[in-house]
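So you know, we letter chains A, B, ... as the sequences are listed, proteins then strands, and number each from 1. Values below: every heavy atom of this structure, side chains too, minus hydrogens, waters and symmetry copies.
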Amino acid sequence: MSALTPTRTPAHRPPASPDSPAPVRRVRRGALRSERRGVRISAWAAVVVCGGFALLPVYWLLATSLTPREQVFAYPPRLFPATPTLDAFAALAGNEQLFVYLRNSLLVSVLTAVLSVLVSAYMGYSFSKFRYRGRRSLMYFVLASQMFPQALLLVTLYSLFSAYGLLNTYTALVLSFTTFTLPLCVWMLKGFFDTIPDELIEAARVDGASRLRIIHAIVLPLSAPGLIAAGLFAFVRGWNDFIFALTLAGPEKQTLPPGLVNTFVGEASTAWPELMAASLVVSLPVAIAFIALQKYLVGGLTAGAVKG
Amino acid sequence: MPAYPALDTTTLSRRRLLQLLGLGAGTLTLAACVPEAGPAAPQAASTAAAGARTDFSFASWSLTEETAAPAIRELLGQYADANDVKVREVSYPYNEYISQLTLQVKGGQVTGAVHVDVAWLGSLAALGKLQDLGPLAQGADYTQAGLTAAQFDGVQYGLPWNIGAIGLIANSGLLEQAGIGEAPATIDEFEAALKDLKKLGGGVVPYAASTKAAQLKDVLIWMETFGSPLLDGGKVTIGDDASVEAVTWYKSLYDQGLIAADVDRFDARSLFAQGRAAIYDDAIVGRDAVVSDSPDKKLADKLTAWSRPVLAAGDTPRALVWGGALAVVQGDGAETAADFAKWMTSDVEVAKQYFAARGLPPATESALALPEVADDAFGAQFAERITATATTNPFWVYPQYAQIETVIAEQVQAVLVGSAEPKAAMEKAGAAAQKLVD
């Protein structure tokens with residue numbers, strides 16, 4: 001055994017530095033290693049804390065959806081349901097109205113995303129690549145519109161849509177959601193277009209491409225990640241809205257957020273397990289889409305943030 | 001300097017731009033200022049089924065609630081079939097209902113029959129679109145208390161559907177454990193009972209009184225118990241000795257741990273359902289919620305209604321009217337909607353079906369005399385001990401009553417958390433409420 005074990009001799013040691021004795025180097029290396037370990041542990045601790053902060057509500061949602069109603073507020077609270085049940089999920093299967101809400105939400109959110117991207121792409125391109133009087137004022141005016149509390153505009157929009165006979169329509173929802181998504185989408189896409197070199201556009205013009213062709217054949221394909229990011233933002237905005245959907249949509253066009261509250265939150269009680277189960281189920285498609293496209297979202301949001 | 005060379009210059013001048021912006025802002029302002037008619041004298045509903053029945057809308061927050069919706073839909077179906085009409089359902093969540101209904105009624109989107117909390121009648125009546133249902137109410141045997149609760153400014157804007165009150169509900173199991181036999185009659189006895197309950201330990205909250213600002217309006221009934229009228233001929237009396245004494249007492253309960261921090265009605269129901277609160281304030285509509293959410297299968301049998309204790313023996317116990325009424329908004333289908341409202345609120349067979357589904361007290365003498373209703377022991381006890389002496393909140397006559405309650409609640413909360421003295425806070429609350437009343 002001893003014959004097979006390599007013997008630690010001075011020959012196995014790395015060459016000694018002429019100006020530092022070996023024990024000192026060992027101490028320094030050890031200190032460096034423990035410092036690195038400390039940094040790594042701190043980083044992991046931060047990740048765990050932040051991850052827990054973000055994921056604990058999702059876990060609680062799942063746990064509540066599996067808990068019988070009479071145990072939801074049991075004291076002391078339990079991290080795991082004592083008697084897990086799928087009753088809440090089973091109750092969802094028979095509720096056709098939830099699928100109507102889901103369909104409405106998908107339709108309205110997709111249309112909001114498409115319209116927002118369409119309009120903000122041209123606006124963002126104009127702000128990025130053209131120079132005209134009032135451009136800067138207009139840019140800040142668009143941004144300033146984001147500063148108004150949205151609830152403040154509710155009555156105004158309600159009156160406007162009422163006057164044009166648009167209440168209780170998908171159009172009212174899509175237009176109102178787009179109103180709120182446009183400023184951020186425009187600025188996000190402007191940042192993206194800023195990163196496209198003007199030389200590329202000039203070269204296309206030299207080759208005889210029309211202005212529209214330049215936008216559609218060169219700029220927009222190059223900006224696909226930004227367009228996806230803007231679209232995702234608009235989609236999520238439309239998906240999550242409560243008060244505008246409740247007020248402008250009417251009973252037939254209601255989307256998921258008001259629909260879920262209407263279904264599960266009552267005058268005297270709330271069906272927490274069913275509400276959590278429904279929230280979980282309807283969040284899944286969006287979560288999957290988000291995970292699939294998140295690299296574009298991050299890229300789109302940070303584009304133009306750093307100019308080199 | 002721009003980062004990239006300019007590619008083009010349009011002819012849009014700054015002046016032109018400002019003109020366009022001004023035009024846009026003007027359009028928005030005009031849209032926000034759509035002229036509207038002021039409140040008009042209410043149109044009286046017709047007493048006879050004059051014309052042919054027409055389709056109409058029915059708005060209610062209960063239309064999507066799992067406990068209420070099936071029973072209401074069943075009744076809507078019965079009426080629709082019998083009269084060969086269609087009923088369009090409109091529903092909003094309870095917490096959003098009055099704001100949404102106000103907007104929709106004002107905008108003319110909702111007409112027909114609407115389910116309202118009696119506290120909201122003043123706000124809705126101020127829109128000038130509710131029918132006077134006085135003529136319709138004649139001939140039906142509505143209770144006087146019900147009719148009064150569904151009136152505003154002397155006009156019968158609603159037909160009472162389910163009328164009760166908000167009062168003290170106790171868990172007799174916990175009371176027994178604490179050795180409390182009789183319900184306390186006076187405030188001193190009540191406080192002594194709370195101290196006995198606190199000795200039970202185990203985290204039991206003796207009285208799950210409202211302490212969150214959103215629900216602190218509950219303290220108004222205690223102010224009345226201490227002798228404050230709250231409102232005297234248009235003058236807000238909050239800040240008087242009685243209201244200050246009431247808030248000082250409430251704060252002392254808080255400091256002694258006899259009531260808990262951060263509790264609203266939903267929290268109180270949860271605590272009570274879990275056996276962690278012995279007493280709380282609620283209407284009878286909360287019974288289903290606490291019983292179904294409780295792990296204690298016998299909680300329904302342990303519910304007991306307490307008259308609110310009084311300041312001095314012999315005083316009348318105070319309780320706040322609670323209830324639902326059906327009102328009718330002028331417009332398409334209003335005539336049929338009025339007939340439906342009367343049928344829904346006064347037909348004995350309808351009352352029997354609805355009571356079987358929800359256990360809420362009906363508002364006609366004949367329905368109250370039904371054996372099913374009379375046999376509901378807790379309901380009868382609640383009616384006798386609480387509803388019998390219930391009065392409306394004097395601020396309900398103002399459409400801005402919710403704001404009035406909020407400014408008072410904020411000051412009461414300031415007292416509870418120790419950032420204000422009761423006298424100064426109540427004087428401030430009274431002054432703020434008076435501004436809203438004026």
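Looking at Tyr158(A), the atoms closer than 4.5 Å to chain B (heavy atoms on both sides) all sit in the side chain, from C-beta outward. Interface remark: Glu96(B) contributes side-chain atoms only to the contact with chain A (heavy atom separation under 4.5 Å). Neither the backbone nor the side chain of Phe161(A) comes within contact range of chain B; no heavy atoms are under 4.5 Å apart. Neither the backbone nor the side chain of Arg287(B) comes within less than 4.5 Å of any heavy atom of chain A. Proximity to chain A (any heavy atom under 4.5 Å) is shown, for Tyr92(B), by both the backbone and the side chain. Only the side chain of Glu252(A) comes within less than 4.5 Å of a heavy atom in chain B; its backbone stays farther off. Residue Gln254(A) touches chain B through its side chain alone, counting heavy-atom pairs closer than 4.5 Å.
Between the CG atom of Asp293(B) and the CD atom of Gln71(A) there is a distance of 12.0 Å, given to the nearest 0.5 Å. Atom CZ of residue Phe272(B) and atom CZ of residue Phe73(A) lie 16.0 Å apart, to the nearest 0.5 angstrom. For the atom pair CZ of Arg269(B) and OG of Ser269(A), the computed distance is 7.5 Å after rounding to the nearest 0.5 Å. Between atom CH2 of residue Trp272(A) and atom OG of residue Ser270(B) there is a gap of 8.5 Å, rounded to the nearest 0.5 Å.
Applying the 6.0 Å contact sphere to CZ of Arg73(B) captures more than 12 heavy atoms from other residues, nucleotides or ligands. Residue Asp332(B) places its CG atom among 12 or fewer non-hydrogen atoms of other residues, nucleotides or ligands, all under 6.0 Å distant.
Taking both residues in full, the closest heavy atoms of Leu246(A) and Pro93(B) are given as CD1-CD, 3.8 Å, listed atom of the first, atom of the second, then distance. Nearest heavy-atom pair across Ala268(A) and Gly286(B) is CB-CA, 4.2 Å.
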Inset, instruction - Test Ile243(A) against Gln100(B) for side-chain contact (heavy atoms from CB on, under 4.5 Å), laying out the working first. - result: CA-CA 10 Å; Ile243(A) 194 70; Gln100(B) 290 296 322; 4.0 Å; yes
Inset, instruction - Test Ser292(B) against Glu70(A) for side-chain hydrogen bond (donor to acceptor under 3.5 Å, both in side chains), laying out the working first. - result: CA-CA 7 Å; Ser292(B) 63; Glu70(A) 67 276 9; over 6 Å; no
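Under the 4.5 Å side-chain criterion, counting only non-hydrogen atoms from C-beta, Ser162(A) is in contact with Gln109(B). Val155(A) places none of its side-chain heavy atoms less than 4.5 Å from the side chain of Lys106(B). No side-chain heavy atom of Phe264(A) sits less than 4.5 Å from a side-chain heavy atom of Glu65(B).
Each of Leu63(B), Val90(B), Leu103(B), Val285(B) has some count of heavy-atom pairs under 4.5 Å with chain A, and the biggest count is that of Leu103(B). Counting heavy-atom pairs closer than 4.5 Å to chain B, the top residue among Arg69(A), Glu267(A), Glu274(A), Gln97(A) is Glu267(A). Looking only at heavy-atom pairs under 4.5 Å with chain B, the residue among Thr263(A), Thr247(A), Val265(A), Val261(A) that has the most is Thr247(A).
Using a distance-only test at 3.5 Å, with no hydrogens or angles considered, a donor-acceptor pair links the side chain of Asn262(A) to the main chain of Ser91(B).
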